[in-house]
Amino acid sequence: MTTLEIFLKLQPFDGRRVHVIERDLTEPDRIVGELLQPGGYLKLVELGLEDCVEEIDAQRVFGYALFKEGKNTKLSYPSEKFHSDVSGRSFHNGRFIKRNREIAATLSTVKLEQGTVTSLLEENRTIRGVQYKTKDGQEHTAYAPLTVVDVPSFFVGLVLENCQLPFANHGHVILADPSPILFYPISSTEVHCLVDVPDQKLPSNASGEMAKYLKTMVAPQILILEFMWQIPPELCDVFVSAVDKGNVRTMPNRSMPADAHPTPGAFLMGEAFNMRHPLTGGGMTVALSDIVVLRDLLKPLRDLNDAASLSRYLESFYTLRKPVASTINTLAGALHNVFSASHDQARKEMRQACFDYLSLGGIISTGSVALLSGLNPRPLSLVLHFFAVAIYGVGRLLLPFPSPQRLWIGARLIWSAAGIIFPIIMAEGVSKANQLALRSEAGKICMPELSIRVHKI
């Protein structure tokens, strides 16, 4: 998802004008930004943009199903305390963006223009606007007190047509070898399959190496689940058919912790600022949460022309976003590491422990899924659940009779868990995020004080 597509509906208070320059205003065709967690849907409602998931054949998502070696477990979102409309949504990203543009086009304060930004205009270390080239090749400049910059990132994906998944309105994660395979509906007739290819160099599409990889490495693992009656018998055939059609898309996946670089006159957000592994489908939710934080910061301002003061004021954004962003980012990185296959016995035990832990049901499952869904943005709760998985795994190893070998594997399991979670915690600033989450629950978070205002480009 392009964060600017949502920003352009950022409640243009007091007649503020918004000028959005997009490289291409045709309907995007992307294989990311297609899943919105329930917490993200709540942010969409908060922005008054819930209509963006109407009239685009968006599918409601009520949770996930996990598959591993002939076993499966269903994890439902804990949305009982919310309105019946609150659930996840999955859709074609392009249709969502197009719908957003249609709504934005009805606003007199929003100008949409197709063009390629070639440079930022800087004066005395302050960004004053941008230089851009229109579709007909003409060079233009646009000036504004605040320039919001968002650069899109580019996973292996293919669309499966006219096939059913075992659990309606759920995402499906197969814990395959070497890494997970994800299925989720994007319309009433289409299912998107995302395959995580861990090699740094992707197999070539043009030479046929990618098709060979998908048929020899991925399809057989789907077929095994068919033989075990875990998934519909036609799913593998539809998968292979999609590969044969050449309907394979690749987009590089990157994880990038947020690193604040305050620049007077400019504001960086979206995928240019922060990325996480797409396994948990949390990118849309983080983007919408960021926009709500930014909207609330800009709402009381009256003048944006003091660029230095505005930049100092907006530094609070990087702190206020942490509870939601750090919870989802940390979970995405940790789950990808745990769910990926490994030859190390301790990592294998951790993977199995995680599957069994989530299969326990009750408060254990709902607590974990609440973190995934964005409904409970508390990083400390995430860390506690993660080490509960590790301890559960050690318990499985030591019962009914411990042995020196099992004790050694258990110790390495704990060490492995720490090696996964602590680097992510440090990069994401989870300690600070948890303090903010607790203060938010107590109603003590306040916006910083200042007296300035917004235009924007």
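From a predicted model like this one, the values you see are computed outputs, not experimental measurements.
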J.: So, do F422 and F387 have ring centers that fall under 6.0 Å from each other?
T.: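 Yes, the ring centres sit under 6.0 Å apart.
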J.: Do L35 and M284 pass the side-chain contact (heavy atoms from CB on, under 4.5 Å) test, and can you show the C-alpha distance, the side-chain angles, and the key distance before you say yes or no?
T.: CA-CA 7 Å; L35 179 61; M284 295 272 287; over 6 Å; no
J.: For the atom pair CG (D356) and CD1 (I364), what is the distance rounded to the nearest 0.5 Å?
T.: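 So the CG of D356 and the CD1 of I364 are separated by 11.5 Å.
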J.: Contact between H192 and S90 at the side-chain level, heavy atoms closer than 4.5 Å - yes or no?
T.: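 Not in contact.
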J.: Using a cut-off of 6.0 Å, state whether more than 12 heavy atoms not belonging to Q131 lie near its atom CD.
T.: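 Atom CD in Q131 is crowded, with more than 12 foreign heavy atoms closer than 6.0 Å.
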J.: Using side-chain contact (heavy atoms from CB on, under 4.5 Å), reason through N329 and I424 one step at a time and then give a plain yes or no.
T.: CA-CA 8 Å; N329 293 347; I424 306 175; 5.9 Å; no
J.: If only side-chain N and O atoms count, and only distance matters, is there a donor-acceptor pair under 3.5 Å linking T319 with R321?
T.: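 Judged by distance alone, the side chains do not pair up.
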J.: Is any side-chain N of the basic residue among E209 and K212 closer than 4.0 Å to the acidic one's carboxylate O?
T.: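 Salt bridge flag = no for K212 with E209.
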J.: If we ignore hydrogens and angles and just use 3.5 Å, is the side chain of N169 paired with the main-chain N or O of F62 as donor and acceptor?
T.: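 No.
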J.: Side chains of I222 and F183, heavy atoms from C-beta outward: is any pair under 4.5 Å?
T.: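 Of all side-chain heavy-atom pairs linking F183 with I222, at least one is under 4.5 Å.
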J.: Mind checking what makes salt bridge (charged side-chain N to carboxylate O under 4.0 Å, His left out) contact with R351, not counting sequence neighbours?
T.: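 Partners of R351 under the salt bridge (charged side-chain N to carboxylate O under 4.0 Å, His left out) test: none.
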J.: Using only atom types and a distance under 3.5 Å, with no angle test, would you say the side chain of S79 pairs donor to acceptor with the backbone of F82?
T.: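 No: the side chain of S79 does not pair with the backbone of F82.
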J.: Please check if atom CG in L399 has more than 12 non-hydrogen atoms from other residues, nucleotides or ligands closer than 6.0 Å.
T.: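 Correct, the count exceeds 12.
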J.: Any chance you could lay out the ring pair (Phe, Tyr, Trp, His ring centres under 6.0 Å) test for Y64 and F355, step after step, and finish with the verdict?
T.: CA-CA 12 Å; Y64 279 85; F355 180 86; over 10 Å; no
J.: Nearest 0.5 Å please: distance from the NZ atom of K74 over to the NE2 atom of H172.
T.: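 Taking NZ in K74 and NE2 in H172, the distance rounds to 9.0 Å.
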J.: Can you name the closest pair of heavy atoms from Y392 and A353 and give their distance?
T.: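 For Y392 versus A353, the nearest heavy atoms are CD2-O, 3.7 Å.
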J.: Going by side chain to side chain donor-acceptor pair (under 3.5 Å), name the residues that satisfy it together with N162, two or more places apart in sequence or in a different chain.
T.: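 In terms of side chain to side chain donor-acceptor pair (under 3.5 Å), with neighbours along the sequence ignored, N162 is linked to no residue.
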J.: Checking Q59 against D57: is there a side-chain donor and acceptor pair closer than 3.5 Å?
T.: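 Looking only at side-chain atoms, Q59 and D57 do form a donor-acceptor pair, the distance falling under 3.5 Å.
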J.: If you count the non-hydrogen atoms of other residues, nucleotides and ligands that lie under 6.0 Å from NZ in K348, is the total more than 12?
T.: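 Atom NZ in K348 is crowded, with more than 12 foreign heavy atoms closer than 6.0 Å.
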J.: How long is the span from the NZ atom in K98 to the NE2 atom in H92, to the nearest 0.5 Å?
T.: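 Rounded to the nearest 0.5 Å, the NZ-NE2 separation comes to 12.5 Å.
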J.: Are the side chains of V369 and S76 in contact, using a 4.5 Å heavy-atom criterion?
T.: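 Contact flag for S76/V369 side chains = no.
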J.: Any donor-acceptor pair under 3.5 Å linking the side chain of T73 with the backbone of L66?
T.: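 Side chain of T73 to backbone of L66: no pair is present.
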J.: When you compare the side chain of V86 with that of V45, does any pair of heavy atoms fall below 4.5 Å?
T.: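 Side-chain contact under 4.5 Å: no.
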J.: Measure the spacing between CG of N100 and CD1 of I97 and express it to the nearest 0.5 Å.
T.: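 Going from the CG atom of N100 to the CD1 atom of I97 covers 6.0 Å.
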J.: Would you confirm whether H336, through its side chain, and A334, through its main-chain N or O, come within 3.5 Å as a donor-acceptor pair?
T.: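 Side chain of H336 to backbone of A334, a donor-acceptor pair under 3.5 Å: no, none is there.
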J.: Using a 3.5 Å distance criterion without hydrogens, assess whether the side chain of S373 forms a donor-acceptor pair with backbone atoms of A370.
T.: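 Yes, S373 side chain to A370 backbone: donor-acceptor pair under 3.5 Å.
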J.: In Å, rounded to the nearest 0.5 Å, how long is the span from CG of L75 to OG of S359?
T.: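 Reported to 0.5 Å precision, the distance equals 7.0 Å.
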J.: Does any N or O in the side chain of S241 come within less than 3.5 Å of the main-chain N or O of D237, such that one atom is a donor and the other an acceptor?
T.: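 Looks like no, no N/O pair under 3.5 Å.
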J.: Going by heavy atoms in the side chains, are L194 and Y184 under 4.5 Å from each other?
T.: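 They are in contact (side-chain heavy atoms under 4.5 Å apart), so the answer is yes.
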J.: Return the set of residues passing salt bridge (charged side-chain N to carboxylate O under 4.0 Å, His left out) with K215 (not counting sequence neighbours), or none when no residue passes.
T.: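 By the salt bridge (charged side-chain N to carboxylate O under 4.0 Å, His left out) rule, K215 matches D244.
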J.: Sub-3.5 Å donor-acceptor pair from the side chain of R347 to the main-chain atoms of N337, do we have one?
T.: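 Checked: pair present.
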J.: Do P379 and T330 make a side-chain contact, defined as non-hydrogen atoms from C-beta onward lying under 4.5 Å apart?
T.: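 Not in contact.
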J.: Between N376 and L371, which heavy-atom pair has the shortest distance, and what is it?
T.: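 Here N376 and L371 meet closest at O-CD2, 3.2 Å.
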J.: Test your reading of the model: is there a side-chain donor-acceptor pair from S289 to the backbone of T285, 3.5 Å cut-off?
T.: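 Flag not set: sc S289 to bb T285 has no pair under 3.5 Å.
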J.: Any donor and acceptor pair, going by atom type alone, linking the side chain of S416 with main-chain N or O of R412 inside 3.5 Å?
T.: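 A pair under 3.5 Å: no.
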J.: Quick one: CG on L372 to CG on L358, what's the gap to the nearest 0.5 Å?
T.: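 Separation between the atoms: 9.5 Å.
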J.: Of the non-hydrogen atoms in P178 and M217, which two are nearest, and what is the gap between them?
T.: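 Residues P178 and M217, closest heavy atoms: CD-CE, 4.3 Å.
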J.: Quick one: does any side-chain atom of R101 pair with a main-chain N or O of L25 as donor and acceptor, under 3.5 Å?
T.: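 Checking the backbone N and O of L25 against the side chain of R101, a donor-acceptor pair under 3.5 Å is found.
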J.: Nearest heavy-atom pair of G374 and I328: which atoms, and what distance?
T.: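 That closest heavy-atom pairing would be CA-CD1, 4.4 Å.
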J.: Write down the atom of V61, the atom of S87, and the distance for their closest heavy-atom approach.
T.: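 Between these two residues, the closest heavy atoms are O-CB, 3.6 Å.
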J.: How close do N93 and G33 get, counting heavy atoms only, and between which atoms?
T.: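 Looking at all heavy atoms of both residues, the shortest contact is ND2-O, 3.0 Å.
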J.: If only side-chain N and O atoms count, and only distance matters, is there a donor-acceptor pair under 3.5 Å linking E113 with H140?
T.: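 Side-chain D/A pair, H140 to E113: absent.
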J.: Taking side chain as C-beta onward, heavy atoms only, is L360 less than 4.5 Å from Y357?
T.: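 The answer is yes, as the side chains (C-beta and beyond) meet within the 4.5 Å cut-off.
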J.: Any non-hydrogen side-chain atom of E161 less than 4.5 Å from a side-chain atom of K245?
T.: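 In contact.
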